Amino acid sequence: MRCKSIRYDLADYASGRLGPERRKTVEEHLAVCPACRDILREISPVFRILHEHPPIDGPMPGAEFVVRVRERIDTQNAGRRAPTALLANPLVRFVAPLAIAGILLYVFLVPRTPDAEVSPALDHALIGSLFEHMDTAQIDRVHEELPLVIPAAHADAWESALADAKTVADIDTLLPLFNDLSPGELIAAGSVYVNAEDLYDLVEAGDVPPLDASPR
Amino acid sequence: MRDIDDRELLALCRDDHPEAFNELVRRYQERIYRVLLRLVGDRDDALDLAQDVFFRAWKGIRDFRGDAQVFTWLYRIAMNLGLNHIRKRKLRSALPLHTLQNEEPAHPENPQHEIERDEIRELIERAVEKLPAKQRAVFILRYYDDMPYEQIASILNTSVGGLKANYFHAVQKLRNSLHHAL
Ligand SMILES: [Zn+2]
């Protein structure tokens with residue numbers, strides 16, 4: 001029995017969520033595998049503490065909730081346009097991700113003298129407001145563009161570390177690469193971090209995509 | 001109206017029966033609010049997002065083909081909006097203008113053991129908040145909502161194998177974040 005097929009069931013085993021058959025399979029494996037027993041011993045206390053401290057949800061939405069949803073629907077039906085009509089425009093929404101990628105490309109790729117500082121204030125406000133009006137797919141698209149704007153000084157380190165990454169912990173070690181970035185660069189680093197979340201899955205699946213850190 | 005099942009309710013909603021949509025909202029408002037509260041960790045944000053979920057559901061109700069369960073559909077909208085929200089928040093927190101706020105969890109009027117319980121609860125909340133967005137979503141749906149992987153896969157539009165890996169890594173990370181309290 002391969003450990004990996006058992007390992008991903010250990011959390012459900014520890015929290016009592018496996019069916020009787022699967023439970024038996026896991027127990028048979030645990031009886032002969034000290035490595036999986038160690039993992040079980042490590043994660044079991046997590047479920048104990050979660051069980052002993054269930055979250056306090058506080059008050060649930062009451063009768064006024066549906067009234068407020070209705071108000072929004074009625075506003076929409078009345079054909080009133082929101083103050084953010086510009087950003088609701090499909091064309092603007094389509095262009096916004098590209099605009100952000102463009103701004104970031106500008107920040108990193110336009111040649112400048114070593115002590116010329118890019119003023120971050122304008123970029124922050126603009127990028128912040130654009131992100132407010134994007135849906136998940138659009139944000140994902142920006143994230144896809146963002147590896148392009150990793151500063152050249154960090155690109156090699158990022159690429160070689162990523163090429164060597166085999167585990168989730170390996171990806172975590174990449175993140176401090178961004179610790180000494182300038183404010184403008186931090187915007188990109190924050191996004192690369194979001195992107196790194198998806199890399200967890202890819203590395204786990206043994207399918208790390210090539211990361212193109214050079215300008216196209 | 002309370003006695004009819006989701007499918008009939010949906011048919012009435014499509015016919016613009018106003019009371020039918022109100023019933024749909026009432027039927028699911030708590031579950032949707034609760035999962036968003038776990039995901040975003042803030043009551044006001046969760047309430048706003050929950051209203052947004054039903055508003056979008058209303059707008060999309062004619063496109064919903066009814067091949068999924070109603071609550072799977074609502075959860076999908078909720079998770080999309082919630083994940084979007086925390087990704088935006090994370091991007092904003094990467095901006096140096098925003099410094100982390102100090103939270104004060106102490107409740108001086110509570111007896112000692114209650115304070116400790118609250119502190120551990122707070123630790124758990126923060127540990128869950130520290131998980132990468134997708135792992136957090138998977139953890140919440142699997143652990144707190146006790147949902148089968150197949151259903152989570154349909155909500156998050158991903159594979160069962162990947163979800164099991166996500167869940168396992170989430171639990172390992174929680175273990176590392178909480179090890180002082182264990
Ligand atoms: Zn094993």
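Please read all numbers here as calculations on a predicted model, not as lab measurements. Just so it is clear: chains get the letters A, B, ... in the order the sequence lines come, proteins before strands, and each one is counted from 1.
Interface residue A:R7: backbone and side-chain heavy atoms are both found under 4.5 Å from chain B. Of the atoms belonging to B:I124, it is side-chain heavy atoms, and not backbone ones, that fall under 4.5 Å from chain A. Residue contact with chain A, scored on non-hydrogen atoms closer than 4.5 Å, involves the backbone and the side chain of B:A181 alike. With a 4.5 Å cut-off on non-hydrogen atoms, B:Y33 touches chain A through its side chain but not through its backbone. Contact of B:L178 with chain A is made through the side chain alone, with heavy-atom distances under 4.5 Å. For B:A170, no part sits under 4.5 Å from any heavy atom of chain A, backbone or side chain.
The candidate from A:P45, A:S15, A:P55 with the greatest count of non-hydrogen atom pairs under 4.5 Å with chain B is A:P55. Residue with the most contacts toward chain A among B:V53, B:N22, B:L174: B:N22 (heavy-atom pairs, distance under 4.5 Å). With chain B as partner, the option from A:D57, A:I49, A:I39, A:V46 having the largest number of non-hydrogen pairs under 4.5 angstrom is A:D57. Ranked by non-hydrogen atom pairs under 4.5 Å with chain A, the options B:D52, B:T158, B:L37 are led by B:D52. Comparing B:Y167, B:F168, B:Y144, B:F55 by heavy-atom pairs within less than 4.5 Å of chain A, the highest count is held by B:F55. The candidate from B:Q172, B:R142, B:R26 with the greatest count of non-hydrogen atom pairs under 4.5 Å with chain A is B:R142. The greatest number of non-hydrogen atom pairs below 4.5 Å with chain B, out of A:E52, A:R72, A:R70, is found for A:R72. Counting heavy-atom pairs closer than 4.5 Å to chain B, the top residue among A:L10, A:V67, A:L50 is A:L50. Across B:D146, B:L47, B:L123, the residue that shares the most heavy-atom pairs under 4.5 angstrom with chain A is B:D146. Note on B:A127, B:A50, B:G161: by heavy-atom pairs under 4.5 Å with chain A, the leading option is B:A50.
For A:E21, the CD atom is loosely surrounded, since the number of other residues' heavy atoms within 6.0 Å does not exceed 12. In this structure, A:D38 places its CG atom where more than 12 heavy-atom neighbours from other residues, nucleotides or ligands lie under 6.0 Å away.
Between A:H51 and B:Y143, some side-chain heavy-atom pair lies under the 4.5 Å cut-off. No side-chain heavy atom of A:V69 sits under 4.5 Å from any side-chain heavy atom of B:W58. The closest side-chain heavy-atom distance from A:E42 to B:L182 is not below 4.5 Å.
Ring-plane geometry between A:Y8 and B:H169 is classed as perpendicular, the angle between the planes exceeding 60 degrees on a 0 to 90 degree scale with a lower cut at 30. Relative orientation of the A:F65 and B:F54 rings is perpendicular, given thresholds of 30° and 60° on the angle between their planes.
Using modelled atom types, no side-chain atom of B:Q51 and backbone atom of A:R68 make a donor-acceptor pair closer than 3.5 Å.
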